[in-house]
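Below: one structure, written as structure tokens.
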Amino acid sequence: MKYKEYKGLNYAEVADNILKYWQDNKIFEKSVDSREGNETFTFYEGPPSANGTPGIHHVMARAVKDIFCRYKTLKGFQVKRKGGWDTHGLPVELQVEKELGITKEDIGKKISVEEYNQKCRETVMRFKNEWDDLTRKMGYWVDLDDPYVTFNKDYMETLWYLLKQLYDKGLLYKGYTIQPFSPAAGTGLSSHELNQPGTYRDVKDTTVTAQFKIKGEENTYLLAWTTTPWTLPANTALAVGENINYVKVKTFNPYTFDEAYVILAKDRVAAYFNNKAADLKLEDYNAGDKLIPYEIVAEYKGKDLVGQEYEQLLPYVEPDGPAFKVIPGDYVTTADGTGIVHISPTFGADDQRVAKQAGIGAILVKDEEGNLGPIVDRQGRYVKEMGEFAGMYVKNEYYADGEAPEKSLDVLIGIKLKEENKAFNVVKYEHSYPHCWRTDKPVLYYPLDSWFIKTTAMKDKLVELNKTINWKPASTGSGRFGNWLENLVDWNLSRSRFWGTPLPIWVSDDRSEEKCIGTIEELKAEVEKSVAAGFMTENIGDDLDLHRPYVDDIILVSDSGQKMFREPDLIDVWFDSGAMPYAQWHYPFENKEIFDANYPADFIAEGVDQTRGWFFTLHAIAVMLYGKVAFKNVIANGLVLDKNGNKMSKRLGNAVDPFKTLAEHGPDATRWYMISNANPWDNLKFNIDGVVEVQRRFFGTLQNTYSFFALYANLDGFDFKDGEVNASDRTESDRWVLSKLNSLIKKVDEAYNEYEPTRAARLIQDFTIDDLSNWYVRLNRKRFWRGEFNADKKAAYQTLYTCLLTIAKLGSPVAPFYMEQLYQDLNAVTGLDVAESVHLTDFPVADDSIIDIDLEQRMDLAQNVSSLVHSLRKKHKIKVRQPLSKILLPVINDTFKRQVSAVEELILSEVNIKAIEFVDDESGVLVKRVKPNFSKLGKEHGKKMKAIAAQINQFKPEDIVALESDNNKVIDVEGEEIALTLEDVEITYQDIPGWSVASEGRLTVALDITISDELKKEGIARDLVNRVQNLRKDMGLEVQDKIKINIEKNTDLVNAALEANREYICNETQALSLDIIESLSDGSELEMDEHKLKVKIEA
RNA sequence: GGGCUUGUAGCUCAGGUGGUUAGAGCGCUACACUGAUAAUGUAGAGGUCCGUGGUUCGAGUCCACGCAGGCCCA
């Protein structure tokens, strides 16, 4: 049995083969089944929607999910991963509308709801095959055979069950929110519709800065500005910014010329008062003067104004609760207006929110049916209670052509306020305002009925439990998510659409009776009653579809015998996905045990854009119904942008095709690149060059290392079947790399465990490239190819084998295909692991007894010394093949000497030097430099630091000696004596006269660059060996083939070099003989620096 | 407009608790190696650490205010 050897590995092909291996051998299934009975690690899959094709960012998101599921499996947990599909919602509906060429209004008219929903059902899974294909090709292990689907009856029944639970807890109620509304079309507009291009247009409106008279104070007014004067009669509060500065200004009303004290933001004074009037005296003012004098008479903070009461501005209708107070508004600015914001809870979303928070009521009227409503009806007209303005449209645009009055309602209100000394300023103002895309008329912000989940009732619990969740990154949890919870509003569940889960609430005609249905069985029972009451002809069958229109046809009977109809709303699709922990198992109707074992989730991961989406709905439902978190650890990953940092979009053509990327570069390099390049929670600028680099640098190096191993292990028949070599029988470098390897295991385990995949990948990568390949293999190459298969060689094979196999296991969560191949290739020969897949093995366990920190330090020293010597050779243009006699190392301390001595051989062979000499103070050749220890001295002496540093830098050699011998030196700084010890300074050896010196930190190396005759000869011999090896290779000789070397007589130096090193040359080149011949007729001409040799080689 | 986030070499990223030569890889330049070879090694050049103020003996690091990009929400 041989280790597989490759000629140019195709990584995409590896993935294909491994994928087949997994499928044929059911490895994924086994990775779950083989952990049966073990502790479970629960992962929830956030369901994607299959009505569009997947993008490259899905590869990123799913790689993150996959990594931790695989890791936990290796750690022995059973990790069930049920896939899922999000199938309801607006995007699906819009897509269908577009394809059918219809609008929402046409549904139920041009096409039946039944047909329409059928179309949605067909559309929503359109790209399921592409998704499944991507899932497999990228190596995302998730159960595709039995996914949850949100439109399935079982799934929907659980939703109903959960809604009923909320209903029974009193957490489901009907209320209103302020939504964009088009009176002309008689319909609410979704935010999607409002985001259509062209909806926002610049319009000129009459704006009013109104005077709100403070209660109990003469002539004192709060000024508030509005671009919608028609909302002023609905005013119930004024909002200020708590940290904004306000002033009271004494002046005169520009319309009535009455004396007035007005309050507004300090920053806005300049906008309301003419600077030219600044110097005018109030007492010089005459009514009608153009310039109106003003004077600031008091100043307040916004929070000082909070609570101030004022008189109702336009008292047509009484408020339904406390009103006419100053309240805090977090969104108030001084960018425009007066810094005081007019609040009408019925006509602004912010208004409604801050009013509710402050316990302020609204201005409401009763319609004919006794329902409360705003002072504007659904056609956009003032209601009858509005006195002289009753029946007027609030916008002139709403009148039929030619019927609009000359003066709009806004203008009339402006006039009325001026006359009543209630307007401080009335002007036209151009601003951007949304328009209905269908009717072209302005949108109203209007209260519309909706069903809500009372999340605010559980706010404290939601906030508290959120703090127990491990968020990656933490800032998303405390910041974006935490702030969102702090400013929570009730969850608006209602959607007036067709394709979604219907709200299971039936209400009687007079709205006095309600029923919320929680199960299909319950529905049947209720229908039976209805049949008995004669409202329904027959009961529903088992094949009932819970979608519209079927449920709409169901009429129930109330306890008092009234007909009950379903509330026509659908529920927010986010409820669908937030309910997946329960609904995916059709809990509580089935699978109770599975649910219990898999709730809550240990881990979920999704894009950061889901913070207020899925992350919230999962959390909200779990906390409200079960008082628990839904997930314990969560990674909120960032976006995948194009290489220039722009959002990818199909429209712009900068979207990266995931299938193409996977096919060209393979899933492993793609995944490794995505994970190692940046933390998943940072945005990733996806650059295909980066994938190529990862492939070349990491996978290329790893594969080369494996190939190197395989080449020689095959020659020697190494199969690791006769036990492990003792640590004591291994070389220093063997023990070093194994120590590093075990340190690596620890760190990687820790990184995965802390949900830091980037750290894990980088650790593995650095070990593979720097420690294993660039140091261990390079230094030990000869051990692999020289001589017979002895104990030392075996140790080398075992060491390298262990490193490679461990890398395969550690890296398998990130690069599941390639690492599987590596594992298989290694294990096929040795059979040391019984598992048939790397994904069925156990995660490596670090052996502390192998970790030797001192050894790791020693090797660091060897590397640093070598690097310095290389740099010196470079400086003097002496190539490594030319041996040199010695280097000098100043001894920093005893440990240093001991550590360097232990790796002396390594250094000598690495840099081709004959000897290391240590020098210390007694040698007298060292020139010392001293540097202050800033961090220590700075803490103690603070301000004097500069003076101290200046003095230390001027120490003479004898000062340093004195300090060293006494461990004490007193210096005088600005009259104060400061005693220094050795700890206060850093002593380095900066220079050795007559030597070539390089240093890094405290380490200094001096190189003897004199090349003696003998060294020169050895250099020539080494050069020759090198050239002969080339010739051998050119001749196509095998490593073990023997040769004869003939060389034509050359200069005395060269001849002497050959004679002196004959044995060495023959040994290295597998030569039986080396003869110097007077004349060679047919040899090859070799150039070695200034020497030219004629050489002939015979096999 | 608000919340969160990012800004360090041409590119991608590291840089506990403030401490005096700001690092790595890629790319570039030069050299070396040539039995890991469609590999490999070494060195060099390359930085107003986004800006402006502040705190401090000392700021890439702490504070404030900005600027630019991103996401979410208004």
Side-chain angles (χ1 to χ4, degrees), chain A residues 7-8 191 330-333 335-336 348-350 353 473 475-484 486-487 607-613 636 638-639 641 643-647 673 676-679 681-685 687 689-690 692-694 696-698 700-701 703-712 758-759 762 765-766 769-770 773-775 777-778 781-782 784-786 866-867 869-875 877-881 910-911 931-939 941-949 953 1000-1001 1026-1027 1029-1030 1032-1033 1037-1040 1068-1070:
Chain A
K7 281 195 188 117
S191 59
D330 49 15
Y331 62 98
V332 177
T333 69
D336 48 24
D350 276 329
R353 180 169 57 82
S475 59
T476 297
S478 57
R480 188 181 284 206
F481 194 66
N483 291 343
W484 160 249
E486 290 292 346
N487 297 308
V608 66
D609 52 334
Q610 295 294 338
T611 305
R612 293 173 185 196
L639 264 76
L641 309 169
K643 63 178 173 184
N644 299 316
N646 298 313
K647 203 171 166 174
Y673 162 71
S676 67
N677 190 64
N679 281 316
W681 39 88
D682 289 331
N683 288 348
L684 174 70
K685 288 186 204 161
N687 189 344
D689 294 345
V692 174
E693 186 187 322
V694 160
R696 213 167 41 76
R697 193 168 150 67
F698 174 61
T701 304
Q703 183 59 24
N704 268 328
T705 307
Y706 165 78
S707 299
F708 175 84
F709 167 82
L711 175 66
Y712 296 110
T758 306
R759 205 164 84 206
R762 285 176 180 173
Q765 183 171 308
D766 290 347
I769 295 169
D770 296 335
S773 173
N774 289 358
W775 193 250
V777 171
R778 200 160 52 78
R781 269 155 61 194
K782 282 190 180 168
F784 290 89
W785 52 259
R786 198 161 52 183
S866 301
S867 161
V869 175
H870 277 305
S871 130
L872 286 169
R873 278 182 170 276
K874 179 93 188 165
K875 201 160 129 197
K877 296 197 179 357
I878 304 172
K879 51 190 173 186
V880 180
R881 215 182 285 133
E910 172 68 7
V911 295
K931 208 170 82 174
N933 179 348
F934 278 90
S935 108
K936 181 164 185 295
L937 287 169
K939 279 187 188 90
H941 301 291
K943 279 190 203 238
K944 298 203 183 70
M945 200 52 226
K946 264 195 179 134
I948 295 172
N953 286 333
E1000 190 187 303
N1026 159 256
R1027 301 307 195 273
Q1029 300 286 33
N1030 286 347
R1032 284 183 58 116
K1033 224 169 126 186
L1037 295 179
E1038 291 296 317
V1039 175
Q1040 60 276 15
E1068 289 290 314
T1069 59
Q1070 309 277 316

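In what follows, chains are A, B, ... by sequence order, proteins preceding strands, each numbered from 1.
Under the side-chain contact (heavy atoms from CB on, under 4.5 Å) criterion, A/Asp766 pairs with A/Asp770, not counting sequence neighbours. For A/Asp350, the side-chain hydrogen bond (donor to acceptor under 3.5 Å, both in side chains) partners at least two apart in sequence or on another chain are A/Arg353. The side-chain contact (heavy atoms from CB on, under 4.5 Å) check on A/Lys936 picks up A/Asn933, A/Glu940, A/Glu983, A/Asp984, with sequence neighbours excluded. When the salt bridge (Lys or Arg N to Asp or Glu O under 4.0 Å) test is applied to A/Arg480, no partner is found at least two apart in sequence or on another chain. In terms of the side-chain hydrogen bond (donor to acceptor under 3.5 Å, both in side chains) criterion, residue partners of A/Glu910 (sequence neighbours excluded) are, by chain and number, A/Arg778. Not a single side-chain hydrogen bond (donor to acceptor under 3.5 Å, both in side chains) links A/Gln610 to another residue, sequence neighbours left out. The side-chain contact (heavy atoms from CB on, under 4.5 Å) test applied to A/Leu641 returns A/Leu639, A/Asn683, not counting sequence neighbours. Partners of A/Lys944 under the side-chain hydrogen bond (donor to acceptor under 3.5 Å, both in side chains) rule, at least two apart in sequence or in another chain, are A/Glu976.
When both distances must be under 3.5 Å, the Watson-Crick or G-U wobble mate of B/C4 is B/G70. Pairing partner, B/A32: B/U40, with both Watson-Crick or wobble hydrogen-bond distances short of 3.5 Å. For B/U56, there is no paired nucleotide, since no Watson-Crick or G-U wobble pair has both relevant distances below 3.5 Å. Searching all strands for a Watson-Crick or G-U wobble partner of B/A22 with both distances below 3.5 Å returns nothing. For B/A9, there is no paired nucleotide, since no Watson-Crick or G-U wobble pair has both relevant distances below 3.5 Å. Pair assignment for B/C65: B/G51, on the basis of Watson-Crick or G-U wobble contacts that are both within less than 3.5 Å. Pairing for B/U17 is absent, with no Watson-Crick or G-U wobble pair whose two atom distances lie under 3.5 Å.
Nearest to the side chain of A/Arg762, among B/G19, B/U42, B/C13, sits B/C13. Side chain of A/His870, nearest nucleotide from B/A43, B/A36, B/U42: B/U42.
Within the 4.5 Å cutoff, no side-chain heavy atoms of A/Ser773 are placed close to those of A/Asn704. A/Phe708 has its side chain within reach of A/Val777: a pair of non-hydrogen atoms, C-beta onward, lies under 4.5 Å apart.
A donor-acceptor pair under 3.5 Å is formed between the side chain of A/Arg873 and the backbone N or O of A/Val911.
The separation between A/Arg1032 atom CZ and B/U37 atom P is 16 Å, rounded to whole Å. For the pair A/Lys936 NZ and B/G19 P, the interatomic distance rounds to 17 Å; values are reported in whole Å. Between the CD1 atom of A/Ile878 and the P atom of B/C33 there is a distance of 13 Å, given to the nearest Å. Between the CG atom of A/Asn774 and the P atom of B/U40 there is a distance of 8 Å, rounded to whole Å. Between the P atom of B/A39 and the CG atom of A/Leu711 lies a distance of 17 Å, rounded to the nearest Å.
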Report task. Quick one, give me the B/S/- string for nucleotides 23-28 of chain B, reading 5' to 3', where B means a protein heavy atom under 4.0 Å from the base and S means that only happens at the primed atoms, P, OP1 or OP2. Result -> --SSS-

Report summary line: With sugar-phosphate taken as primed atoms, P, OP1 and OP2 and all else as base, the protein-contact string of nucleotides 68-74 of chain B at under 4.0 Å (heavy atoms; B, S, -) is --BBSSS

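Among the atoms of the strands shown, only primed sugar atoms or phosphate atoms (P, OP1, OP2) are found under 4.0 Å from some heavy atom of A/Ser867.
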Polar atoms only, N or O, under 3.5 Å: list the protein pairs with nucleotides 6-12 of chain B and their distances.
| residue | atom | partner | partner atom | Å |
| --- | --- | --- | --- | --- |
| B/U12 | OP1 | A/Lys685 | NZ | 3.3 |
| B/U12 | O3' | A/Asn677 | ND2 | 3.4 |
| B/U12 | O2' | A/Asn677 | OD1 | 2.2 |
| B/U12 | O2' | A/Asn677 | ND2 | 3.1 |

Protein-nucleic acid N or O pairs under 3.5 Å, nucleotides 57-67 of chain B:
| residue | atom | partner | partner atom | Å |
| --- | --- | --- | --- | --- |
| B/C57 | OP1 | A/Lys943 | NZ | 3.2 |
| B/C57 | O4' | A/Lys943 | O | 3.3 |
| B/C57 | N1 | A/Gly942 | O | 3.0 |
| B/C57 | N4 | A/Gly938 | O | 3.4 |

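Nearest-nucleotide positions on RNA chain B for A/Leu937 and A/Ser475 put A/Ser475 closer to the 5' end.
For the P atoms, the distance linking B/C11 with B/C57 amounts to 37 Å, nearest Å. Using C1' as the reference atom, B/C28 and B/G69 are 28 Å apart when rounded to the nearest Å.
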